[in-house]
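Inspection log for the structure reproduced underneath, given as structure tokens.
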Amino acid sequence: MSRYDATSVEQKWQEAWEKAGSFAAKRDESKPKYYVLEMFPYPSGRIHMGHVRNYTMGDVIARYKLATGHNVLHPMGWDAFGMPAENAAMASGGHPKDWTYQNIADMKSQMKPMGWSLDWTREFATCDPDYYGQQQSMFIDFLQKGLVYRKNAVVNWDPVDMTVLANEQVIDGKGWRSGAAVERRELTQWFFKISDYSEELLDAIDRLDNWPAKVKLMQANWIGKSRGLQFAFSLIDGPTGHDRIEVFTTRPDTLMGASFIGISPDHPLAKVLERHDPKIAEFNAEARKGGTTEEAMETAEKLGYDTGLRVRHPFDNAWELPVYIANFILMDYGTGAIFGCPAHDQRDLDFARKYDLQVIDTFVAAEGGAPVKNEAFVPPKTASVKWLKAFAWDELATGEEAIEAAIGFCESKGVGFGVTKFRLRDWGLSRQRYWGCPIPVVHCDTCGVVPEKKENLPVRLPDDVTFDKPGNPLDRHPTWRDVACPTCGQPAKRETDTMDTFVDSSWYFARFTAPRAETPTSLPDADYWMNVDQYIGGIEHAILHLLYSRFFARAMHICGHLPAKAIEPFDALFTQGMVTHEIYVTRDENDRPVYHLPEDIEWTESGARLGASGQSVEVIPSAKMSKSKKNVVDPVNIIQQYGADTARWFVLSDSPPERDVEWTASGADAAFKHLSRVWRTASDIVAATGSGQGDDDLLRAMHKTIHDVTTGIESFGFNAAIAKLYAFTNMLAKSSAGAAAKKQAMTTLAQLMSPMTPHLAEEIWSLMGQKGLIVEASWPVADPQMLIEDTVTLPVQVNGKRRSEITVAKDMPPEEVEKLVLQDDAVKKALEQGPLKKLIVVPGRIVNVVI
RNA sequence: GCGGGCGUGAUGGAAUGGUAGACAUACCAGACUUAAAAUCUGAGGGGCGUAUGCCCGUGUGGGUUCGAGUCCCACCGCCCGCACCA
């Protein structure tokens, strides 16, 4: 028997689909549309197994929807701006543009053999001037609608390289190239007013019915709505202009437990103080060292500096509290100042113990409450506690009740007012880098900040730049910067910052609906294709990318670029897991790890060893495939060895799609063996003739499989669907049914497999003598009559443990079942132990006898 | 540190609160073969037993329920995100 030749089969059908234009989407009002989109890739130059998994999942959905009569849009493009292109240029001297477009060409040539049903006619890269020009046009629209503004914000500053660093370029508080301690420095930057939409973005989460609950929860927590009190402490003998310190607290109920005031090193008062006090200046300078991330702030040692200033407690003029500058207080959140209540906040308690400050219990546990020692008492806000320092509520009250009462009381006394704050900050989009979308504004001494005229768009990136020194080449470009002011015509300077790449990815889904339009979108196309019916990508995008896109869709709607129905652009979201692999490591002479590629490993009885030298290799449990750990399997090699269908089948088969899947050589081999077996079985069936036995059983199983696989695909249970296909293939291969029934079963099997292994499916379809392409055939429908079972086997439990089973007619009334159960030998035996307490019959499910 | 998630045989995993381990991998046994590969058949959570069977078992410890892998609480471990990685 000849071997299944994946390479030639796959190429043949890819050419057939290409010729038939099977995947080019066109507006067709007569059919229901379906827009399936996977998060577009960064053009690193090589596809990896994560891409294979992501795009194969989308492809299963796309092909299934195509077969169920939908007009499917399944596009692909490139998230092509970003730092790696500049890093490559710095490392090897090329140009980011050449590097990027070459990578796109390379990756596309690796993706094509996968046989994904992509509409390549809509392809674009975000670094195409056509695309970023439209983005610039929208930026100007946003500016006119007040959705963009400028303000100061801190960046990571490398004092040696004199350049801004990304968070990932800050390692342990030091610049990745220079090794210098990173400082936080303020720059004037552009921001999107996403915070204006905090409430709206939060409320709308409830209507995202087909998003994972965890993503919705993460977004809600990120937006972080909180109710609290804003009020001021009066400052005693403060510097001129500083007679009060405004604070925001979510726990006004603990006001009587306050023991210190903390202000951010970037607080206006701290900045005044540092001008006159070298020690404060030194403390602030030290506090400003390190990266800007929240993580860096919160894991750093909590330090404070006693300014010597004091404030009065709002309820007691005689009560004075010290004012500390503290390195863990963010200027960006609230007012940049807090009061510390050590008894009910662990961070405040640690701080109080360190600087020997008072700890005042304001409440204790309702029963057996003890004073706080080294662990703050922080019960849930819904728990009732016993109050020692209540000032407007009962002795026993929950935190929630006390907070509301405290706000009301403070308002009535003229001490501050209740406010709702959000954690969500405005979206800073300025990047001091070359390889991004230029911000289309001009700085004029006379007119100020002026948007570029739309007819001058796109503002193109100049090609003649070098990367031989750190910093933004646009900033030192000899002529690109110098322009005439669009308003007054006087000499002016271009903005040299470019946009965050999140901007590029916040509207690409809309652009795919009309990728060549001369406006950002074309409304008839957007109206037809939007929303994305199914969006698929990694959980790592759960917050930023998805939240920014939700904001952007609203902003685009305001500017007339999207219909109202598209303000929530993704109807359904699915977050798939990663592809992982074991890691193989040896040690060099200095005991440093040396990683090895899977293909260099040989397996012997004593374990893994290096194929070349025979050196034994340590095997570390699976982790996400990464180049640095060398635990990567190149999809290109898998396609060459087994074909695309095998890779597609494997990434779908073993694990549930939302979880990580571990790539194993044996698993890939098994996938290939199975597909070969299906092909062999099909070849046998073609040759078979005559009648046999068990036609009905086979056809019943076929209808059950149609039902199960259809359900599996619709619910993203691809691994479960594949398990059913395995089971049905096993049955079919062993079946002694007649030729006609087997042929029918095999044809259906091919259709059910076609979303996963489309090439093999086409091959079998044609082998079975079917006309046309399977990709044009309608999805099989299960006959409900064939799914009905006459009898059902019920497990019989005694006290929750399975002891027997009975087989009864499916529709037998529970009373009848009870009678039968009581006659069962195992039940009779159990009843000797004691009287029957309860008999539970769950129809069609289970029986439980409680003794 | 904060927010979110996950944890089931040797391995990947299955299981609307209802028979734990479907389906697959590895290993083992058998068939075919001069032999190997390929292919086919079978056994298969652990313990005791020839077997019908009995006991134990879903990270750990509690709880709810007739019944918990599934729900609740605490803990342990791993993973994702933390606003300039994409």
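Side-chain atoms are counted along with the backbone in the values below, which use heavy atoms only and exclude waters and symmetry mates. Protein chains get the first letters and strands the later ones, always in sequence-line order, with residue 1 at the start of each. Just so we're clear, the structure is a prediction, and the values are computed from it rather than from any experiment.
- Checked against the 6.0 Å centroid threshold, A/F81 and A/Y132 count as a close aromatic pair.
- Look at the C1' atom in both B/A15 and B/A68: the space between them is 13 Å, to the nearest Å.
- Scanning RNA chain B for stems, defined as runs of 3 or more consecutive Watson-Crick or G-U wobble pairs whose donor-acceptor distances all fall under 3.5 Å, gives the following ranges: B:1-7 with B:76-82, B:10-12 with B:23-25, B:28-31 with B:39-42, B:45-48 with B:53-56, B:59-63 with B:71-75.
- B/G59 sits 8 Å from B/U70 when the P atoms are compared, rounded to a whole Å.
- Looking at heavy-atom distances under 4.0 Å, A/A542 makes no contact with the nucleic acid at all.
- A donor-acceptor contact closer than 3.5 angstrom is absent between the side chains of A/S655 and A/N719.
- Among the atoms of the strands shown, none is found under 4.0 Å from any heavy atom of A/W427.
- Residue contacts for A/Q219: at a heavy-atom cut-off of 4.0 Å it reaches no nucleic acid atom on any strand shown.
- The heavy-atom pair separating A/D645 from A/M756 by the smallest distance is OD1-O, 4.4 Å.
- In the region residues 723-732 of chain A, proximity to RNA chain B at under 4.0 angstrom, judged on heavy atoms, holds for A/A723, A/Y726, A/N730.
- Residues of residues 290-297 of chain A that place a heavy atom closer than 4.0 Å to RNA chain B, in numerical order, are A/T293, A/E294, A/E295.
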Legend entry - Base-contact (B) and sugar-phosphate-only (S) positions in nucleotides 4-9 of chain B, heavy-atom cut-off under 4.0 Å, - elsewhere: SS-S--
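- A/K837 comes within contact range of no nucleotide atom at all, as no heavy-atom separation falls under 4.0 Å.
- The phosphate of B/A14 (OP1 or OP2) has a side-chain N or O of A/N719 nearer than 4.0 angstrom.
- In this structure, A/R677 reaches the sugar-phosphate backbone alone: every heavy-atom distance under 4.0 Å involves primed, P, OP1 or OP2 atoms, never a base.
- Considering every non-hydrogen atom in both A/L546 and A/M39, the closest pair reads CD2-CE, 4.5 Å.
- When the options A/Y535, A/W211, A/F716 are evaluated for a side chain to side chain contact (heavy atoms under 4.5 Å, CB included) with A/F574, the one that passes is A/F716.
- If you check B/G12, B/A83, B/A86 against the side chain of A/M83, the one that comes closest is B/A86.
- B/C80 and B/G30: their P atoms are spaced 46 Å apart (whole Å).
- Of all non-hydrogen atoms in A/M297 and A/G291, the two that sit nearest each other are SD-O, 4.5 Å.
- Side chain of A/T498 to backbone of A/R433: a donor-acceptor contact under 3.5 angstrom is found.
- With both ends at atom C1', the span from B/A10 to B/G21 equals 14 Å, rounded to whole Å.
- Looking at the side chain of A/K734, the nearest of the listed nucleotides B/C2, B/C84, B/U41 is B/U41.
- If you check every strand for non-hydrogen atoms under 4.0 Å, A/Q432 touches a base.
- A/L424 has its CG atom 21 Å from the P atom of B/C2, to the nearest Å.
- Taking every side-chain heavy atom of A/Y42 into account, B/A86 is the closest of B/A86, B/G12, B/U39.
- Exactly one of A/Y131, A/F509, A/W507, A/Y508 qualifies for a ring-ring contact (aromatic ring centres under 6.0 Å, His included) with A/F40. That residue is A/Y508.
- Taking atom CD of residue A/E298 and atom P of nucleotide B/A83, one finds them 11 Å apart after rounding to whole Å.
- Atom CG in A/L546 sits roughly 18 Å away from atom P in B/C80 (whole-Å rounding).
- Syn is the conformation of B/G9, whose glycosidic angle sits no further than 90° from 0.
- Note: CZ (A/R425) to C1' (B/C2) measures 13 Å, nearest angstrom.
- RNA chain B is contacted by A/R845, A/I846, A/N848, A/V850 of residues 844-851 of chain A, taking any non-hydrogen atom closer than 4.0 Å.
- Between A/L429 atom CG and B/C84 atom P the separation is 10 Å, expressed in whole Å.
- Using modelled atom types and a 3.5 Å distance limit, the side chains of A/T496 and A/D475 yield a donor-acceptor pair.
- Using a 4.0 Å heavy-atom distance criterion, A/D669 is classed as making no nucleic acid contact.
- A/R803 comes within 4.0 angstrom of sugar-phosphate atoms only, judged by non-hydrogen atoms across all strands, and of no base.
- Separation of the A/F552 and A/F192 ring centroids falls under the 6.0 Å cut-off.
- No engagement by A/F328 is indicated, since no non-hydrogen atom pair under 4.0 Å with the nucleic acid exists.
- If you take atom C1' in B/A86 and the same atom in B/G81, they sit 13 Å apart, rounded to whole Å.
- The nucleotide whose nearest atom lies closest to any side-chain atom of A/I840 is, among B/G18, B/C85, B/A24, B/G18.
- Between A/F328 and A/F351, the ring planes are perpendicular. Angles over 60° get that label, and only those under 30° would be called parallel.
- Atom-to-atom, CG of A/N87 to C1' of B/C84 comes out at 13 Å; the value is rounded to the nearest Å.
- For B/C56, one of the phosphate oxygens OP1 or OP2 lies less than 4.0 angstrom from a side-chain nitrogen or oxygen of A/K801.
- Of the residues near RNA chain B, A/K829 and A/D426, the one whose nearest nucleotide (by heavy atom distance) lies more toward the 5' end is A/K829.
- Candidate nucleotides B/G1, B/A86, B/C40 were compared by shortest atom distance to the side chain of A/R680, and B/C40 ranks first.
- Residue contacts for A/P41: at a heavy-atom cut-off of 4.0 Å it reaches no nucleic acid atom on any strand shown.
- Counting any heavy atom pair closer than 4.0 Å across all strands shown, A/H545 reaches no nucleic acid atom.
- Contacts of A/S653 with the nucleic acid, taken as non-hydrogen atoms under 4.0 Å apart, are absent.
- Residue-to-nucleotide proximity on RNA chain B shows that, of A/F81 and A/G800, the 5′-proximal contact is made by A/G800.
- Contact annotation for A/G667: no contact, since no heavy-atom pair falls under 4.0 Å across all strands.
- Applying the ring-ring contact (aromatic ring centres under 6.0 Å, His included) test to A/F728 and every residue at least two apart in sequence or in another chain returns nothing.
- Between A/R423 and A/E294, at least one side-chain nitrogen of the basic residue sits less than 4.0 Å from a carboxylate oxygen of the acidic one, meeting the salt-bridge criterion.
- In summary, the side chains of A/Y149 and A/D426 do present a donor paired with an acceptor at a separation below 3.5 Å, with no hydrogens or angles considered.
- Rounded to whole Å, the C1' atom of B/G46 lies 35 Å from the corresponding atom of B/A37.
- With hydrogens and angles left out, the side-chain atoms of A/D669 and A/Y642 include a donor and acceptor closer than 3.5 Å.
- The distance from atom CZ of A/F192 to atom P of B/A83 is 18 Å, rounded to the nearest whole Å.
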